[in-house]
Every structure is written in C-alpha cells, then in structure tokens.
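In this text, all values refer to a predicted model and were calculated from it rather than measured experimentally. In what follows, every chain begins at residue 1, and chains take the letters A, B, ... in the order their sequences are listed.
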Amino acid sequence: DTGVSQDPRHKITKRGQNVTFRCDPISEHNRLYWYRQTLGQGPEFLTYFQNEAQLEKSRLLSDRFSAERPKGSFSTLEIQRTEQGDSAMYLCASSLIGTLNTEAFFGQGTRLTVV
Amino acid sequence: AQSVAQPEDQVNVAEGNPLTVKCTYSVSGNPYLFWYVQYPNRGLQFLLKYITGDNLVKGSYGFEAEFNKSQTSFHLKKPSALVSDSALYFCAVRDRMDSSYKLIFGSGTRLLVRP
C-alpha cells in the first residue's frame, strides 16, 4: 500500500492520560499535515511540516499537543493530559510541493475517544 | 478570512438522476478549490480540483465541478448518480497566497442515492 497510513485506527483513553498517534506519509512527499475532524464538521487544520521542520501551528493546537517529524519521514502527534473535548478523528495528509499536482492525500485517520 | 459554505447537510437523489452538491467560498484573491469524498471508516479521497483555466473541471468517478467566480461557487455535479456514490462530500479552498497550502473545509454534505 503506497498511501498515507495512520496508526492506531481507534484509541480509547481515560481522561488525563497521554496518547500518541503515528502517520506514515507517501514516501516521496515533502509536506505532512495534521487535521482534526469532529462529528458533523469538516477537517480543521492543526499543523504542518515541510520535511522535518514544523512551519505552522493552528491556535487549535493547545500546549498539550505536540507534533514531530524526525528525519522528515513519519510523524507523531502526542496529546498530553487528554480531555473529553479532544475526542475527534485525527487525520494526516501528505503532499508533494514543487510539482503541478500538489493536492493532499489523506490517511484513514485515528479516531480518539476520551472517556 | 477564508471560509467555505456547504448549505445542504444532506442531498437525496434517485439512482440515475443528476446530482448537485453545492459549495460557495470566501477568499481573498483567486482560490484553489477542491472536492473530497469520505466513505464510512475511510479517509478523505481526492475527487477533483480547480486551479486555473477551464471553469468546468472533470474528476474521478464521473464527477465534475463548475467554478463560477461571480457567484463564488464551485458546485459538484454528476449526470447520473449511483447508489455507490452515497457518502460524505467536502468542498475545500486553498488560498493562493498561503505558502502552507493548507485546506479550509466546509462542513460537508451527505449524499444519499436511493435505488
């Protein structure tokens, strides 16, 4: 499978626990994005990386959230001290900037439920 | 600020009939416009995009969309709906001046095609 993959697909955690999600982008893609999608809403931008550099963070990304993309390959999104409001689908997308086809390709997402 | 509006939460159409899913946008300057589809437990799949040129854009699975600058619209259309087209459809806009290439999504429209 050469698409964007995310792990785990589902995560149930107790409030206050830390969780970490992983995203493996399409291998040659230099951009990686994280979005959050709540029920009945479209995805909302959280942050993005150009290779290993994190270039922008949305104000939706509180201090409890941190993302990394070591070596410009896979990325992790960590949420510390989870709250019920963090329950959502977390989507990862990747794209290749510098060509004509710059559309983003999305993974299947990680559904987080905080109980 | 950029925004996307999908005025219909749900569109119902009979199989074989034409379908239209509406989208209007607000962005400074000329936008890039996209349609994505989301099937249950699947990630977002890219359908089509408008970058420049011909206002009628053709995409995957027989879908097309028409860019109308004066009405700031980018409605998704298909001449003959299939039951398998039933899914959640998202319109998205990207600001040409935003180097992040992040997408601003609408809230989505659920398409239900009845046999």
Side-chain angles (χ1 to χ4, degrees), chain A residues 1 3-10 21 23-26 29-51 53-61 88-111, chain B residues 1-10 21-25 27 31-53 57 59-60 63 65 74 76 87-110:
Chain A
D1 186 6
V4 179
S5 62
Q6 293 187 243
D7 183 70
R9 295 287 308 280
H10 303 274
F21 311 140
C23 170
D24 286 272
I26 294 172
H29 283 186
N30 48 18
R31 287 268 177 106
L32 187 148
Y33 300 82
W34 285 99
Y35 288 81
R36 182 172 70 186
Q37 184 180 15
T38 53
L39 201 61
Q41 298 297 318
E44 296 174 290
F45 169 78
L46 292 178
T47 187
Y48 88 99
F49 293 83
Q50 169 89 14
N51 300 314
Q54 187 175 17
L55 296 185
E56 184 175 340
K57 293 190 284 187
S58 161
R59 52 189 166 86
L60 292 176
L61 214 64
M89 175 78 85
Y90 290 84
L91 295 166
C92 176
S94 69
S95 63
L96 180 62
I97 303 302
T99 68
L100 290 177
N101 295 319
T102 59
E103 60 267 21
F105 292 86
F106 284 80
Q108 293 182 302
T110 294
R111 182 171 296 283
Chain B
Q2 306 121 54
S3 64
V4 176
Q6 294 183 243
E8 302 154 317
D9 289 336
Q10 183 162 312
V21 182
K22 295 179 180 178
C23 171
T24 59
Y25 66 90
V27 64
Y32 292 131
L33 294 158
F34 302 81
W35 276 100
Y36 283 82
V37 59
Q38 188 174 38
Y39 295 98
N41 300 314
R42 304 271 292 275
L44 295 168
Q45 294 181 33
F46 169 76
L47 275 181
L48 51 79
K49 66 183 178 186
Y50 171 80
I51 302 297
T52 188
V57 178
S60 306
F63 283 94
F74 189 56
L76 182 70
L88 192 54
Y89 290 80
F90 290 97
C91 181
V93 65
R94 194 175 88 195
D95 186 344
R96 287 178 188 258
M97 304 306 293
D98 183 354
S99 61
S100 76
Y101 287 28
K102 64 178 175 285
L103 296 169
I104 307 300
F105 286 89
S107 56
T109 298
R110 186 165 301 281

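Residue A/Arg31 touches chain B through its side chain alone, counting heavy-atom pairs closer than 4.5 Å. Only the side chain of A/Leu91 comes within contact range of chain B, with at least one heavy atom under 4.5 Å from a heavy atom of that chain. Residue B/Tyr101 touches chain A through both its backbone and its side chain, counting heavy-atom pairs closer than 4.5 Å. In this structure, chain A has a heavy atom under 4.5 Å from the side chain of B/Gln38, while its backbone stays farther away. Only the side chain of B/Arg94 comes within contact range of chain A, with heavy atoms under 4.5 Å apart.
Atoms CG and CD, on B/Leu103 and A/Glu44 in that order, are 13.0 Å from each other to the nearest 0.5 Å. Separating the CD atom in A/Glu56 from the OG atom in B/Ser99 is a distance of 7.5 Å, to the nearest 0.5 Å. Note that CD of A/Gln41 and CZ of B/Phe105 are 13.0 Å apart. Values are rounded to the nearest 0.5 Å.
More than 12 non-hydrogen atoms from other residues, nucleotides or ligands lie less than 6.0 angstrom from CZ of B/Arg96.
Chain B forms the most heavy-atom pairs under 4.5 Å with one residue out of A/Pro43, A/Ala93, A/Gly42, A/Cys92, and that residue is A/Pro43.
In this structure, the side chain of B/Tyr36 engages the main chain of A/Ala104 through a donor-acceptor pair within 3.5 Å.
For the residue pair A/Tyr48 and B/Ser100, the shortest heavy atom distance occurs at CE2-CB, 3.2 Å.
Residues B/Gln45 and A/Phe105 form no side-chain contact, since every pair of their non-hydrogen atoms from C-beta on lies 4.5 Å or further apart.
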message: Working note: B/Lys102 + A/Tyr35, criterion side chain to side chain contact (heavy atoms under 4.5 Å, CB included); need CA distance, chi angles, decisive distance, verdict.
response: CA-CA 10 Å; B/Lys102 64 178 175 285; A/Tyr35 288 81; 4.1 Å; yes

